[in-house]
Amino acid sequence: MSLSTGHRTHTCGELRVTHAGTPARLAGWVHRKRDHGNLLFIDLRDTYGVTQCVVAGGTPAFATAESLRLESVIMVGGEVVRRTPGAENPKLPTGEIEVAVSDLTVESMADTLPLQVNSDTEFPEETRLRYRFLDLRRERLHRNIVLRSRVIASIRRRMIDAGFTEFQTPILTSSSPEGARDYLVPSRVHPGQFYALPQAPQQFKQLLMTAGFDRYFQIAPCFRDEDGRADRSPGEFYQLDFEMSFVTQEDVFATIAPVLHGVFEEFADGRAVSPPPFPRITYDEALVRYGSDKPDLRNPLVIHDVGEVFRGSGFSAFAQALERGDVVRAVVGPKAAAQPRSFFDKLNEWGRAQEMPGVGYVTLADGAAKGPIAKFLDETRVARLMTITGAAGGDAVFFVCAKRPTVDTVAGRLRTKLGEDLGLIEASTFRFCWIVDFPMYERDEETGTIGFSHNPFSMPQGGLDALETRDPLTVKAYQYDIVCNGVELSSGAIRNHRPDIMFKAFEIAGYRREDVEARFGGMLNAFRFGAPPHGGSAPGIDRIVMLLAGETNIREVIAFPMNQQAQDLLMQAPSEVPPERLRELHIRLALPERRADAPSRQP
RNA sequence: GGGCUCGUGGUGCAGCCUGGUUAGCACACUGGACUGUCAAUCCAGAGGCCGCGGGUUCAAGUCCCGUCGAGCCCGCCA
């Protein structure tokens, strides 16, 4: 494949010793300049690499080159020459040659830069977003975005090889109940009515199954009006959305695990990837053992329930809490008994900052416990503690006490903190697991009502019978997540394709039959004309790339991300629109009172 | 909506805890020197309402209050 064009004969990453003695014409950005007064070097950069160009003093090109600012776009013509011995640069693939410039034209002079492209120093997020086009030139972000493209291409190829067909589904669609807030788009033709951007193509993919396409996938944009997090882009993100007909949960697992494993292996670059089948952890077990429904299995620590060790003991803080129904959880710090006192104090301080009650601990040596609360634990209790937790002499055991479900997350954070501080997190590894058997319903703590805990379209385990005969809070769904290194990559389910079960499922969550008809009429109707059992999932593309790129912030793998306030600082979105546009949409603004001295947030 | 952290020339940081000379360093920028560098080097220069407002004080980048902005977290995320 030749990348030569009307403006260049070669790319900046192409020339080698074999080209020496031939003419070449390059185009690119001035990455660096080294001016020796009568000899000047330009590192010319494009997406393919960097090539050193030499401009000799006294030539017309020299005067132009001296005045060049970094990041200007230039074109150079000249001869490819082998560098003199000792002058090669082993750091560059093109480092054995250079281009002796005979003509140089400036295509686009750059102003003084607000952020430096040729350096990896950190710049404020606001500057990076406002000048995203410059940030994208920088090596790290540039590499990430190219990686993203390659990952998506790999996913597409693997999905097609697995028998899936790619579809597009509407962007302007209808609002879906449950879930996050929708982004709404006003209709000009239908005053007072709105489209919603899809939070996911959920209903469309189920309709495609009902339409008999058997295996659907899409690199699908999803829109949710929710606040951002480091691993969650506000506004919009992409999913590998897929769905399969005539499948059980086992079939879905067996199909998608090799795809994900294959993609990760392809781009792991030396890092280990846990092979399928991925371990399965029930939702309940995940909360107790890992304190999270997205456990990081690179962390070898697990959480133990040690209520019985403290029940009726002299340590009244825990003993009394246990009587009230609280729970005590423990995490072992291997070899942590030797840590200095400050380690334990800092951990306790950290716990308080996390709005935990303090973090209790004992250290173990020769079957005896030491530490502030050790005196409350007799020999039997210490022995029991060691049996339950597997702790041995030289270890320390840390305790937190609270009600469920608070204690789960608190213990989970303690597990993470200890794993990190004790250096136990396995490096250079991708550890996958399935989280299975999610509860179908959960109780809203504020209102006391029962609602869907996840996807309302999931098939309840046990079907109609379970819904009719069991306590809803004990009913599990065929609902599953894929988790990798503590990041939730994907949520999926075997769907409920039976209208009778769907009405019952929604009835338990407080929806009347008419409500369900009104809101999901299209899909319900489809299920009355022959619907295959089906299920799928939707791994997050951005998060997959984030993991593979080794980034901890999702903006680093998105070419044009919004900031945490869901603003695009480069394109200045959202923005006000002219009154006449509002008028034809039949929209009148009712803005909140704004302080008169507050500056406008529009730049 | 709430919590924490941060805000100092174009940019990255120091100075703030413990108030007191001309606000320091690096990169970029401008001018000069230099024929083999590859983060070129050397010399010189320009560039700061220390986010904004108020307060304490003889004196505020520094202490206090408020406010605006950014990041992270909680809420939210079927």
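Computed over heavy atoms, backbone and side chain alike; hydrogens, waters and symmetry mates excluded. Below, chains carry the letters A, B, ... as their sequence lines are ordered, and counting in each starts from 1.
R229(A) contributes no side-chain N or O that forms a donor-acceptor pair with the base of G71(B) under 3.5 Å. For a distance-only test at 3.5 Å, the side chain of N553(A) fails to qualify as a donor-acceptor partner of the base of G71(B). Applying the 3.5 Å distance criterion, the base of C76(B) shares no donor-acceptor pair with the side chain of R224(A).
U11(B) atom P lies 15 Å from atom CD of E125(A), rounded to whole Å. C77(B) atom C1' lies 12 Å from atom OH of Y183(A), rounded to whole Å. Counting to the nearest Å, the C1' atom of C72(B) and the CD atom of E556(A) are 14 Å from each other. Counting to the nearest Å, the P atom of C38(B) and the CD1 atom of I97(A) are 18 Å from each other. The distance between atom CG of L39(A) and atom C1' of C34(B), rounded to the nearest whole Å, is 10 Å. Counting to the nearest Å, the P atom of G2(B) and the CD atom of Q565(A) are 13 Å from each other. Rounded to whole Å, the distance from CG on L115(A) to C1' on A70(B) is 16 Å. As rounded to whole Å, 15 Å separates atom C1' of G71(B) from atom CZ of R232(A).
Partner of K476(A) under the salt bridge (Lys or Arg N to Asp or Glu O under 4.0 Å) criterion, out of D284(A), D471(A), D437(A): D284(A) alone. Each of R45(A), R32(A), K33(A) was scored for a salt bridge (Lys or Arg N to Asp or Glu O under 4.0 Å) with E71(A), with one residue passing: R45(A).
Residues Q52(A) and N89(A) bring no donor and acceptor atom of their side chains to less than 3.5 Å of each other.
Residue F41(A) places its side chain closer to U37(B) than to any other of U37(B), A70(B), U35(B). Set against C72(B), C77(B), U37(B), the side chain of Q52(A) has U37(B) as its closest nucleotide. With G69(B), G36(B), A28(B) as the choices, the nucleotide that has an atom nearest any side-chain atom of E98(A) turns out to be G36(B).
Put simply, Q116(A) has no side-chain N or O that comes within less than 4.0 Å of OP1 or OP2 on C29(B). Residue R555(A) has a polar side-chain atom (N or O) positioned under 4.0 Å from OP1 or OP2 of C72(B). At G69(B), none of the side-chain N or O atoms of Q567(A) fall inside 4.0 Å of OP1 or OP2 (strictly under the cut-off). Taking side-chain N and O atoms only, N563(A) has a distance below 4.0 Å to OP1 or OP2 of A70(B). A close approach under 4.0 Å does not occur between any side-chain nitrogen or oxygen of Q564(A) and OP1 or OP2 of A70(B).
A cation-pi geometry, defined here as NZ or CZ lying under 6.0 Å from the six-membered ring centre and within 45° of its normal, does not hold between R132(A) and F560(A).
Contacts of F123(A) with the nucleic acid, taken as non-hydrogen atoms under 4.0 Å apart, involve only primed sugar atoms and P, OP1 or OP2.
Salt bridge present: E243(A) and K205(A) bring a charged side-chain N and a carboxylate O closer than 4.0 Å.
Looking at residues 62-96 of chain A, you'll see R69(A), R83(A), A87(A), E88(A), N89(A), K91(A) sit with a heavy atom under 4.0 Å from some atom of RNA chain B.
Below 30°, between 30° and 60°, or above 60°: for F457(A) and F506(A) the angle between ring planes is between 30° and 60°, a tilted geometry. Classification of the H19(A)-H10(A) ring pair by plane angle, with boundaries at 30° and 60°, yields perpendicular.
Looking at RNA chain B, the stems built from 3 or more consecutive Watson-Crick or G-U wobble pairs, each pair with its key distances under 3.5 Å, are B:1-7 with B:68-74, B:10-13 with B:24-27, B:29-33 with B:41-45, B:51-55 with B:63-67.
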When you compare the protein's N or O atoms with those of nucleotides 40-50 of chain B, which come within less than 3.5 Å of each other, and at what distance?
| unit_1 | atom_1 | unit_2 | atom_2 | d |
| --- | --- | --- | --- | --- |
| A40(B) | OP2 | R32(A) | NE | 3.3 |
| A40(B) | OP2 | R34(A) | NH1 | 3.1 |
| A40(B) | N7 | D35(A) | O | 3.4 |
| A40(B) | N6 | D35(A) | O | 2.4 |

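Going from the C1' atom of G32(B) to that of G69(B) covers 41 Å, rounded to whole Å.
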